[in-house]
A.B. asks: 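After the structure tokens below, expect a handful of questions from me.
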Amino acid sequence: MSVCGAARFRGSVARILQQHRAVCSHTSGSSTEGIREKLQAFPGGSVELRKQRDSGVALLTLNNPARRNALSGSMMLDLEQRLCELETWTEGRAVIVQGAAGTFCSGSDLSAVRAIANPHDGMKMCEFMQNTLTRLLRLPLISVALVEGRALGGGAELTTACDFRLMTSDAVIQFVHKHMGLVPGWGGAARLVRIVGSQNALKLLSGARKVDPDTGKQMGLVDEVLHCSSGEGEALCQAERWLGPLIQGPAPVIQAVKRVVVSGRELPLDQALQTERSVFGTVWGAPANLEALALKPKHK
Ligand SMILES: CC[C@H](C(=O)O)C(=O)SCCNC(=O)CCNC(=O)[C@H](O)C(C)(C)COP(=O)(O)OP(=O)(O)OC[C@H]1O[C@@H](n2cnc3c(N)ncnc32)[C@H](O)[C@@H]1OP(=O)(O)O
């Protein structure tokens, strides 16, 4: 790369990281401060992050198996922290979100829900989780929810914050909110409408319907059904295999692809075009581009 090209590349990367930090500081702002202390008062379980440096695929695991991976208050804080780590993982390509011990997530931990069952705390918790899941949605990594067992309530909402949903053949996603006298509050309704359309979203939410993998696939909620014959870890192997073709190539290019899709998904056209130009500026003339040009490619 020329000196000029390298400087331009560094400048564009710096600009994008700056935009990213602005989003980070906005979403972890002071309006959610009070709720952090409250959430800390409901411990249990953890959210673990394993970055696999050779493949660039991170595993984000909800780990509270005694409560079917219900999200305790401290796990909500953990989740935010792990996402912060992923936002700056420049060598990363993808993240797989999964639950421990063969099940995805049974939603909020009901003992915390009972203790903060007043509108003020509920709204604060909801704002905190909306911000956190928006960060997941906007990660510069391709995200996959690997749904084994059950994804209920807030767990179902979490799946909609990923780019793709893979389900094992016996898994169920269920927005149980209506049965709890609630509606989704973690952004799950807004995202669901965008994924499956308003008619299907209305059916799933008003009926609190159990979505099996085939129904999910017909509606466009589920991208692939995994048929696992045996063995712990098989679903994860299949999910990594499924991801393979999508994450081939240099990490900066995969991240650039995700960024232009996020801006196309979220921004009005003029702003999306502007962002697309600035992301384009980070890959044009960058090492992967120059290497590809040197190879005289033929796309047969
Ligand atoms: C609605 C939105 C809301 C939000 O915050 O926005 C929520 O997400 S509220 C939570 C909605 N989820 C539920 O109501 C889940 C209720 N639980 C179940 O339906 C079942 O427990 C199930 C299907 C997850 C698992 O059934 P299974 O037969 O496999 O196991 P158990 O029922 O024996 O459960 C084992 C153990 O886990 C405890 N558990 C399960 N889910 C939760 C939860 N969300 N919070 C706290 N604890 C949970 C369950 O009580 C059992 O505990 P034990 O002490 O062994 O009785």
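These numbers were taken from a predicted model, which means no experiment stands behind them. Atoms within each ligand, like the ligands themselves, are counted from 1 in listed order.
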A.B. asks: Answer yes if the side chains of S143 and D163 hold a donor-acceptor pair under 3.5 Å, and no otherwise.
C.D. replies: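 There is such a pair (donor and acceptor under 3.5 Å, judged by atom type) between the side chains of S143 and D163.
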
A.B. asks: Mind checking whether L137 and L79 sit in one hydrophobic cluster, side chains of I, L, V, M, F, W, Y counted as touching below 4.5 Å?
C.D. replies: no

A.B. asks: Partners of N118 by side-chain contact (heavy atoms from CB on, under 4.5 Å), sequence neighbours excluded?
C.D. replies: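 With neighbours one apart ignored, the set is H120, D121.
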
A.B. asks: Using the ring-ring contact (aromatic ring centres under 6.0 Å, His included) criterion, which residues pair with W89? Sequence neighbours excluded.
C.D. replies: none

A.B. asks: Identify the protein atoms, limited to N or O, that lie within less than 3.5 Å of an N or O atom of ligand 1, and list each pair with its distance to 0.1 Å.
C.D. replies:
| residue | atom | partner | partner atom | Å |
| --- | --- | --- | --- | --- |
| ligand 1 | 5 (O) | S108 | OG | 2.2 |
| ligand 1 | 8 (O) | S108 | N | 2.9 |
| ligand 1 | 8 (O) | G154 | N | 2.9 |
| ligand 1 | 12 (N) | S106 | O | 2.8 |
| ligand 1 | 29 (O) | R68 | NE | 3.1 |
| ligand 1 | 29 (O) | R68 | NH2 | 3.4 |
| ligand 1 | 30 (O) | R68 | NE | 3.3 |
| ligand 1 | 30 (O) | R68 | NH2 | 3.1 |
| ligand 1 | 37 (O) | A66 | O | 3.2 |
| ligand 1 | 41 (N) | S106 | OG | 3.0 |
| ligand 1 | 44 (N) | S106 | O | 3.1 |
| ligand 1 | 44 (N) | S106 | OG | 3.3 |
| ligand 1 | 44 (N) | S108 | O | 2.9 |
| ligand 1 | 45 (N) | L110 | N | 2.8 |

A.B. asks: Once you round to the nearest 0.5 Å, how far does CG of N64 lie from OG of S46?
C.D. replies: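 These two atoms lie 8.0 Å from each other.
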
A.B. asks: Test question: given the 4.5 Å side-chain rule for I, L, V, M, F, W and Y, name all other residues clustered with L226, or answer none.
C.D. replies: V57, L59, I96, I142, V144, L146, F164, L166, L236, W242, L243, L246, I247, I254

